[in-house]
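So the structure is just underneath, and the comments pick up after that.
Source: prediction; values computed, not measured.
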Amino acid sequence: MPDLTLWTAREILRMKRDLDTLFSSLCEDFGTCGLPDALAGPSIDIVQEEDALVISAELPGVNPQDLRVAVQDDRLLLAHEQRSVMGESGATIESRSHFSHTIRLPCRVDADKADAIFENQTLTITLPRCEPSRPKPLSIRIG
């Protein structure tokens, strides 16, 4: 088994610089920079409050009607699919944008009381926590 190698901050910064240079040259060669938004996906934050989970997803350019949000058991599904067709001088161009994320929730939530709001290109989902189950004492029968 190979030994574990610890990288110094200098080595990591050099690798980052080299990768930035590589992607910059790809941008110049092919006329596109970075990953398409559909591949990168949204930026998602999860905050655990005392009585709820608050999940925020930045979704610039996304139409809220094209979003699908679902809670099942201990998972949250966040999906988006958008299709647009443009026609110019007899040519038709079709573009698609898609992402799907399943997030495992760190605690049980009450999906019936969940709330979602889309504002300023940010989706905010509030999932109230379930009341913790309390131990129920059982009577023991003898014989």
Side-chain angles (χ1 to χ4, degrees), residues 1-140:
M1 179 174 192
D3 293 332
L4 179 65
T5 302
L6 297 177
W7 289 33
T8 65
R10 177 180 287 174
E11 292 171 318
I12 293 171
L13 289 173
R14 186 183 66 216
M15 185 187 311
K16 180 188 179 311
R17 185 184 65 241
D18 291 346
L19 286 170
D20 287 344
T21 302
L22 173 67
F23 281 107
S24 294
S25 67
L26 286 173
C27 179
E28 292 169 7
D29 293 343
F30 297 105
T32 181
C33 295
L35 293 172
D37 290 341
L39 294 177
S43 172
I44 299 173
D45 292 320
I46 301 173
V47 176
Q48 293 190 50
E49 295 182 349
E50 188 175 318
D51 58 347
L53 294 178
V54 179
I55 300 158
S56 300
E58 294 179 16
L59 303 168
V62 170
N63 185 343
Q65 285 81 21
D66 297 327
L67 285 171
R68 186 167 60 108
V69 180
V71 178
Q72 184 176 8
D73 301 324
D74 63 344
R75 300 191 189 286
L76 171 72
L77 170 69
L78 178 60
H80 167 261
E81 185 167 359
Q82 184 175 6
R83 180 177 169 228
S84 60
V85 178
M86 296 176 10
E88 259 183 47
S89 63
T92 301
I93 300 171
E94 180 180 325
S95 71
R96 288 185 176 196
S97 168
H98 172 79
F99 66 79
S100 178
H101 291 285
T102 301
I103 302 166
R104 185 175 176 144
L105 302 172
C107 63
R108 291 178 10 113
V109 296
D110 187 351
D112 294 332
K113 296 180 183 174
D115 182 46
I117 185 167
F118 191 84
E119 186 175 49
N120 297 327
Q121 299 186 357
T122 301
L123 175 66
T124 304
I125 304 164
T126 304
L127 300 168
R129 292 177 184 256
C130 285
E131 291 292 322
S133 59
R134 295 186 172 93
K136 181 180 176 185
L138 295 176
S139 59
I140 300 172

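Note that CG of Leu22 and CZ of Arg17 are 13.5 Å apart. Values are rounded to the nearest 0.5 Å. Atom CD of Glu119 and atom OG1 of Thr124 lie 7.5 Å apart (nearest 0.5 Å). Distance CG/Leu78 to CG/Leu59: 6.5 Å, rounded to 0.5 Å. Here the NE2 atom belonging to His80 is positioned 7.0 Å from the CG atom belonging to Asn63, to the nearest 0.5 angstrom.
Considering all non-hydrogen atoms of both residues, Phe118 and Val62 come closest at CZ-O, 3.5 Å.
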Counting only pairs under 3.5 Å, give me each side-chain donor-acceptor contact of residues 103-116, with atom names and distances, residues two or more places apart or in other chains.
unit_1: Arg104; atom_1: NE; unit_2: Asp74; atom_2: OD2; d: 3.3
unit_1: Arg104; atom_1: NH2; unit_2: Asp74; atom_2: OD2; d: 3.4
unit_1: Asp110; atom_1: OD1; unit_2: Asp112; atom_2: N; d: 3.2

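Applying the side chain to side chain contact (heavy atoms under 4.5 Å, CB included) test between Met15 and each of Leu13, Asp18, Leu19 identifies Leu19 as the sole match.
Every residue was checked against the side chain to side chain donor-acceptor pair (under 3.5 Å) condition with Glu81, not counting sequence neighbours, and none meets it.
Summarising the local packing, CD of Glu49 is surrounded by more than 12 heavy atoms from other residues, nucleotides or ligands at distances under 6.0 Å.
A 4.5 Å side-chain heavy-atom check between Leu53 and Arg129 finds at least one atom pair inside the cut-off.
Not one N or O on the side chain of Asn120 forms a donor-acceptor pair closer than 3.5 Å with the backbone of Thr122.
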